Amino acid sequence: MDRFYVTTPIYYVNAKPHLGHAYTTIVADSMRRFQRLLGKDTYFLTGTDEHGDKIVQAAEKAGVSPKDFVDGVSGQFRDLWPHLGVEYDQFIRTTDPEHKKVVQAFLQRVYDSGDIYFGEYGGHYCYGCERFYTEKELENGLCPQHQVKPEYIAEKNYFFRMSKYQGWLKQHILDNPDFIRPERYRNEVLSMLDSGALEDLCISRPKSRLTWGIELPFDTDYVCYVWFDALLNYVSALGWPDGDRFANYWPGVQHLVAKDILKPHAVFWPTMLKAAGLEPYNNLNVHGYWLVRDTKMSKSLGNVVSPLEMIDRYGLNAFRYFLLREMHFGSDASFSEEALVGRLNADLANDLGNLYSRVLSMTAKYFGGVVPAPGAYTEEDETLRALAAEAQRNFCNLFGRVRFSNALESLWELVRALNKYVDSAAPWTLFKQGDTKRLGTVMYTLLESMRKVAVHLLPVMPEAATSMLAQLGLEVNVDAVDLGNEAETWGGLQPGTTVAGASNLFPRVELVREKDEPAEVASSKGKSADGAGTAKNAKPAAVAPAPAASPAEDAGVIDFEDFQKVDIRMGTVVAVERHPNADKLLRVEVDLGEEKPRQIVAGLAAYFSPEQLQGRQVAVVANLAPRKLRGLESQGMILAVRQGEGMELVSVSGPVSPGSKVS
RNA sequence: GGCGGCGUAGCUCAGCUGGUCAGAGCGGGGAUCUCAUAAGUCCCAGGUCGGAGGUUCGAGUCCUCCCGCCGCCA
């Protein structure tokens, strides 16, 4: 029996689960459901990564022990997944005793083979990044990620001789075109491997600096540092080096990661496996980010999408469908409730839900809700069946190659064709004519095709697809489904089966909006007063929002509400320096009363010296999308007035507290 | 700075090895069936395929340069 093993990354527990976690995990869940329907023996692993400096710091901040802290956050992840329809086989934690043992065994094996050595390391250590930087990597003496001054630390550490396997890895990637997919990331990795010798990987931290980690088996003064701990979860979960699970599921594994951890998975991990004498994984599947209003989600922007909230508003099925349909695997995609609602209404309600509704209703009316036996198939029927078979083949082929969006697109070609078939076959006419024979064939063709659609949707929308099949009088038996053969077979639905008399699988919804959220739909006339709440999916009594553009907009005049979208706040300049890479720009830190000051890159260098700005109160557009200017991210804009050749800052008549809103 | 990717209809994107490649879905406009969830079906988009050159009988599709985004590396 073919086997299929899929993993998500183990999620670092310094933050709560967000949309990105949800996407990766739902994809993994769908892949595993898909492969199971193909008849494979599947295993699905997810979990949490719980060691390291940042955890210790976060725990201190929360006033609890690291162990209590990670227990708490890890629990949040584990509790989330059932709400997303995710059924994993194992939830691993890097603090599990079994995992620790495997890490130590693996380290010992690589150590014994001579690929781990003790060496001196001096470097600039950034606690935020949990890593060292070389002089060259620092920007202006600061960590390029966090813009803080790292600490110089010289110490002895253990290193993994990664460079030794560089040539092997490159050849392996060249020999296996799908090893890293999509191709863009494969290219990226190849260019990493071509851009010079890999540096050996530092894999330890002295206990004097970090104790929250796994002790090295060959030196009790050290703990293991991140990758030899975290990545090992993929094999420790299987009980390596012993046991049936490892023998069964390795190396037939599909890793699933977001692009931010490409290098560890594409370079470190295969070379680590090679050094320990293990086979490399089958495929590394790399996806992009979900963007909100063209920007990465971040807490400071307040645009973090909560998976549970979306499910609460629009339902699990729509959410899962949207994630898989909207993102082209590998590329970044935009998340918006408008788009979600659009997919839900257009694809699920109008096309699919309505298909079920109309066909089941006709079956009830014409055949008392019992599946009729088909008679002779006409050319039109055969054409539809050929199209259906093609759509199913394409779906499976694409889905297996992680092209979920295209796969669903293929399936919807069938859904649309079925709606078209209803119109052209016009069962209501056949009924009036009393042509029961032909009517039976048409209805059977529809019902059987709808069954096929439902079966293919089981991996994506398990709940909805199960309901669909139930409406067709069928129970889902995962082991009995042979998805790979559905395209080649016909007649899975037995005549005589009693089906539902009505169906309302995906009610149309209106966009639900938060009270303070900017209006983003066509309606420019005020927001609905009821604001937040649940989706109004019952038959909307009110008419859909009127689209007409307000006359004010046409005249270049804006509504008060439009003005309100601009969040202008007063802030205090707490730090200023010249931009390292641009002579017209200043890097300014402005205190807006938030957790930490905003970094703003301003084109003021020609008019003000850093000293002149220091301590001043300035007006800042606080909700401008962040943007990189010459390598530094600017998180807002300082308002100023151009006067001839000069420039004057907008100021207030008296001191105000940082973060005060201008209105 | 080096390498890579992207820039195609309002939006999201297909277009592999050059010759029905100027497309799909959504949105918008029009028509129409009536079984159905104000759903379905049909018709309509006159987009210089980022810009400029070049190769070719022929180029979104190959080459060069430029512009704008993005990523990786340094």
Side-chain angles (χ1 to χ4, degrees), chain A residues 133-139 144 182-199 259-260 262-263 266-267 286 288-289 291 294-296 322 325-328 330-336 338-367 398 403 405-406 408-410 412-413 415-432 439 442-443 446 501-510 520-522 537-544 547-549 581 627-628 631:
Chain A
Y133 282 97
T134 61
E135 294 279 357
K136 281 192 300 185
E137 286 173 317
L138 297 178
E139 288 177 4
E183 193 177 4
R184 55 200 309 177
Y185 298 110
R186 174 179 187 259
N187 292 340
E188 221 161 79
V189 173
L190 282 173
S191 95
M192 288 178 205
L193 295 176
D194 281 334
S195 62
L198 289 175
E199 276 190 44
K259 64 184 181 182
D260 57 333
L262 173 63
K263 190 172 183 179
V267 179
V286 187
Y289 294 142
L291 308 177
D294 293 330
T295 317
K296 260 187 87 169
F322 176 79
R325 178 65 182 84
E326 193 74 2
M327 177 175 269
H328 290 85
S331 307
D332 292 350
S334 292
F335 186 94
S336 73
E338 293 90 310
L340 173 49
V341 168
R343 287 284 180 205
L344 172 51
N345 285 339
D347 296 358
L348 297 181
N350 294 355
D351 289 350
L352 179 61
N354 187 47
L355 173 68
Y356 263 71
S357 176
R358 64 200 304 210
V359 173
L360 288 173
S361 162
M362 285 190 278
T363 308
K365 205 172 291 184
Y366 306 148
F367 291 100
L398 290 162
R403 296 177 57 176
S405 180
N406 296 316
L408 288 166
E409 203 176 356
S410 292
W412 251 254
E413 284 174 21
V415 172
R416 287 196 202 89
L418 290 170
N419 273 318
K420 197 171 298 189
Y421 177 82
V422 172
D423 278 26
S424 67
W428 47 89
T429 304
L430 296 172
F431 180 67
K432 282 175 198 154
L439 183 58
V442 168
M443 295 312 294
L446 284 165
S503 171
N504 192 18
L505 289 163
F506 304 102
R508 290 176 59 83
V509 302
E510 290 179 56
E520 284 180 343
V521 259
N537 41 13
K539 296 220 174 182
V543 192
N581 302 320
R627 184 176 166 171
K628 267 198 174 177

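Treat the numbers as computed from the prediction; the structure is a model and nothing was measured. In the text below, chain A, chain B and the rest are named by the order of the sequence lines, each starting its count at 1.
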- How does RNA chain B look in dot-bracket notation if pairs are Watson-Crick or G-U with both distances under 3.5 Å, crossing ones as [ ], other-strand ones as |? (((((((..((((.....[...)))).(((((.......))))).....(((((..]....)))))))))))).
- Would you check if the side chain of A:Ser331 reaches a backbone N or O of A:Met327 as a donor-acceptor pair within less than 3.5 Å?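 Pair absent, no side-chain N/O of A:Ser331 close to backbone of A:Met327.
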- Item | Whether A:Tyr421 side chain and A:Leu446 backbone form a donor-acceptor pair below 3.5 Å | no
- Note on the structure: Walking RNA chain B from its 5' end, the first of A:Val415 and A:Ala333 to be reached, judged by nearest nucleotide, is A:Ala333
- Query: Want to settle it: does A:Gly353 or A:Asn406 sit nearer the 5' end of RNA chain B, counting the closest nucleotide to each?
  - Reply: A:Asn406
Using the [atom1] atom on both, measure [N] against [M] and round to a whole Å.
N: B:G23; M: B:A9; atom1: C1'; result: 10 Å
N: B:G27; M: B:C13; atom1: C1'; result: 14 Å
N: B:U64; M: B:G25; atom1: C1'; result: 36 Å
N: B:A59; M: B:G19; atom1: P; result: 11 Å
N: B:C65; M: B:U20; atom1: C1'; result: 32 Å
N: B:G18; M: B:C72; atom1: P; result: 32 Å
N: B:A45; M: B:U8; atom1: C1'; result: 14 Å
N: B:G4; M: B:C43; atom1: P; result: 44 Å

Consider the side chain of [X], meaning its heavy atoms from C-beta on, and name the nucleotide among [options] that approaches it most closely.
X: A:Asn419; options: B:U41, B:U37, B:C72; value: B:U41
X: A:Ala349; options: B:U37, B:C13, B:G71; value: B:U37
X: A:Phe506; options: B:C73, B:U37, B:G15; value: B:U37

- Message: Does a side-chain N or O of A:Arg508 approach OP1 or OP2 of B:A38 to a distance below 4.0 Å, or not?
- Response: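 No, no such contact exists.
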- Counting just side-chain N and O atoms, does A:Lys259 come under 4.0 Å of either OP1 or OP2 of B:C70?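 Checking B:C70 against A:Lys259, no side-chain N or O comes under 4.0 Å of OP1 or OP2.
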- Item | Flag side-chain contact, heavy atom, 4.5 Å: A:Val422 against A:Trp428 | yes
What is the distance, to the nearest angstrom, from the [atom1] atom on [X] to the [atom2] atom on [N]?
X: A:Arg184; N: B:C70; atom1: CZ; atom2: P; result: 14 Å
X: A:Leu360; N: B:A36; atom1: CG; atom2: C1'; result: 10 Å
X: A:Leu291; N: B:C69; atom1: CG; atom2: C1'; result: 13 Å
X: A:Leu408; N: B:U12; atom1: CG; atom2: P; result: 20 Å
X: A:Leu193; N: B:C73; atom1: CG; atom2: C1'; result: 11 Å
X: A:Met192; N: B:G5; atom1: CE; atom2: C1'; result: 14 Å
X: A:Arg403; N: B:C16; atom1: CZ; atom2: P; result: 12 Å
X: A:Tyr185; N: B:C6; atom1: OH; atom2: P; result: 12 Å

- May I ask you to say what A:Leu190 touches in the nucleic acid, namely base, sugar-phosphate or nothing, with a heavy-atom cut-off under 4.0 Å?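 Nothing: the residue A:Leu190, judged by heavy atoms under 4.0 Å, touches no strand.
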- Least distance between heavy atoms, A:Ala425 atom then A:Val442 atom: CB-CG1, 3.8 Å
- Specify the closest pair of heavy atoms between A:Val286 and A:Pro182, including all atoms of both residues, with the distance to one decimal. O-CD, 3.2 Å
Under 3.5 Å, which protein N or O atoms sit close to an N or O of nucleotides 26-35 of chain B? Give each pair with its distance.
from  : atom 1 : to       : atom 2 : distance (Å)
B:C35 : O3'    : A:Lys365 : NZ     : 3.2
B:C35 : O2'    : A:Arg358 : O      : 3.4
B:C35 : O2     : A:Arg358 : NE     : 3.0
B:C35 : N3     : A:Arg358 : NE     : 3.3
B:C35 : N3     : A:Arg358 : NH2    : 2.5
B:C35 : N4     : A:Arg358 : NH2    : 3.1

For [X], side-chain contact (heavy atoms from CB on, under 4.5 Å) partners two or more places apart:
X: A:Arg343; result: A:Tyr321, A:Phe322, A:Arg325, A:Glu326, A:Asp347
X: A:Lys263; result: A:Met192, A:Val267, A:Phe268
X: A:Ala417; result: A:Leu384, A:Leu387

- Enter syn or anti for the glycosidic conformation of B:G60, syn applying to angles within 90° of 0.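 B:G60: syn glycosidic orientation.
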Side chains of residues 358-366 of chain A: which donor-acceptor partners sit under 3.5 Å, not counting sequence neighbours?
from     : atom 1 : to       : atom 2 : distance (Å)
A:Arg358 : NH1    : A:Asn419 : OD1    : 2.9
A:Arg358 : NH2    : A:Asp423 : OD1    : 2.9
A:Thr363 : OG1    : A:Val359 : O      : 2.7

- What distance separates A:Leu355 CG from A:Asn350 CG, expressed to the nearest 0.5 Å? 12.0 Å
- Message: To the closest 0.5 Å, what do you measure between CG (A:Asn354) and OG (A:Ser503)?
- Response: 9.5 Å
